[in-house]
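Comments concern the structure below.
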Amino acid sequence: MNSDAVSAAEIAPRPVRLSLMSAVLFTILWTWLIYAVPALPESGIPVLGVRLMTHGLIALGLWLGLGNTDLTPGQRQATWLVLMVPLTLWATVAWTAAINGAFRAGASALPLLPAAILLPVILGAPVLLLSKRVGQLLDATPPTWLIALQLYRIFGSQWLAYWMRGVLPGLFALPAGTGDVLTGLFAVPAALAFATGTAEGRKAAILWNLFGLADFAVAIGLGMMMSPGALQLIISNGPSMALDTFPNVLTPAFVVPSSILLHALSLRQLFRRRQEEPA
């Protein structure tokens, strides 16, 4: 470990604590707002705002990362378009389908919502994990970006607010909401820990990614087993699941698979950086 890493490791705890405290306070405020003003989440405005912000950050980060590569200006522009155009079209299709009720139970003979969750991951993961051009981009992009970006997961506290209002069963809301909130709360601390350049920081970043993926595995599994449809195995005695209508359905239909792909990219980046370090 060099002197810069030691220095970073010594000063890291303070920004980690500050970022965590700020995120906790914001999460509490956001959860209370969703609980106290039901019309706010139902309007779809918060979902739209968060999605536009995240989309813009991805587009900006992608362009800045490409600027650090050895690619020619034409190659950078082509790569940016190849990645951003499908992402934008995907978000547009998911949003349109959600508004038109395409994901509602019984709206189609096909399991559209499970397909919306799984197909993008099945089709997109091999491309993002095996592409040499994506590998070049990951090598030129600070690993902290992909980690800190998922701070938006704190907005998953809406599931906890729905449970407190009695409109979502606790069997789903508690693990899914808590997992989302913890992933979002520790996104910036994990990024700052990795930035110290220590082995412990790298381990924290990897564990954070694995926890975020495990949260999705639990939420997807419970969601499928509890939602009305052919895959339902659990019938709650309390409030029924209502995740197939706009705007809530956008979380499983778009946010979940896109976040899984971000975790996959982050892990690929972390392992590539470790392989390139001298023994």
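The residues of the chain are indexed from 1 along the displayed sequence.
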**Message:** How about OH on Tyr35, more than 12 heavy atoms from neighbouring residues, nucleotides or ligands closer than 6.0 Å, or not?
**Reply:**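 Atom OH in Tyr35 is not packed in, count stays at 12 or less.
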**Item:** CE/Met53: more than 12 non-hydrogen atoms of other groups inside 6.0 Å
**Value:**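 More than 12 within 6.0 Å, yes.
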**Prompt:** So, do Phe155 and Phe26 have ring centers that fall under 6.0 Å from each other?
**Reply:**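 For Phe155 and Phe26, the ring centres are under 6.0 Å apart.
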**Message:** Can you confirm whether Trp163 sits close enough to Pro169 that some side-chain heavy atom of one is under 4.5 Å from a side-chain heavy atom of the other?
**Reply:**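 A side-chain contact is absent here, since even the closest heavy-atom pair is not under 4.5 Å.
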Looking at [X] and [Y], would you say the former's side chain and the latter's main chain have a donor-acceptor pair under 3.5 Å?
{"X": "Asp215", "Y": "Phe211", "answer": "no"}
{"X": "Arg272", "Y": "Asp139", "answer": "no"}
{"X": "Thr178", "Y": "Pro175", "answer": "no"}
{"X": "Ser259", "Y": "Val255", "answer": "yes"}
{"X": "Gln269", "Y": "Thr141", "answer": "yes"}

**Message:** Applying the side chain to side chain contact (heavy atoms under 4.5 Å, CB included) criterion to Pro257, which one of Leu123, Val121, Leu118, Ile220 satisfies it?
**Reply:**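 So, applying the side chain to side chain contact (heavy atoms under 4.5 Å, CB included) to Pro257 and each of Leu123, Val121, Leu118, Ile220, only Val121 qualifies.
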**Request:** Let me know which of Ile34, Leu29, Leu33, Thr27 forms a side chain to side chain contact (heavy atoms under 4.5 Å, CB included) with Thr31.
**Result:**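 So, applying the side chain to side chain contact (heavy atoms under 4.5 Å, CB included) to Thr31 and each of Ile34, Leu29, Leu33, Thr27, only Thr27 qualifies.
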**Request:** Apply the test side-chain contact (heavy atoms from CB on, under 4.5 Å) to residues Leu213 and Leu267: give CA-CA distance (whole Å), side-chain angles for both, the deciding distance (0.1 Å), then the verdict.
**Result:** CA-CA 11 Å; Leu213 289 171; Leu267 286 171; 3.9 Å; yes
**Request:** Check step by step if ring pair (Phe, Tyr, Trp, His ring centres under 6.0 Å) holds for Phe254 and Trp95.
**Result:** CA-CA 8 Å; Phe254 181 75; Trp95 193 278; 8.9 Å; no
**Item:** Contact list for residues 172-192, test salt bridge (Lys or Arg N to Asp or Glu O under 4.0 Å), sequence neighbours left out
**Value:**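 Residue pairs with at least one partner in residues 172-192: Arg153-Asp180.
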Scan the side chains in residues 77-86 for donor-acceptor partners under 3.5 Å anywhere in the protein, sequence neighbours excluded, and list what turns up.
unit_1, atom_1, unit_2, atom_2, d
Thr79, OG1, Gln75, O, 2.8
Thr79, OG1, Arg133, NH1, 2.9
Trp80, NE1, Ala59, O, 3.0

**Request:** Could you tell me which residues satisfy salt bridge (Lys or Arg N to Asp or Glu O under 4.0 Å) with Arg51, sequence neighbours excluded, listed by chain and number?
**Result:**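 In terms of salt bridge (Lys or Arg N to Asp or Glu O under 4.0 Å), with neighbours along the sequence ignored, Arg51 is linked to no residue.
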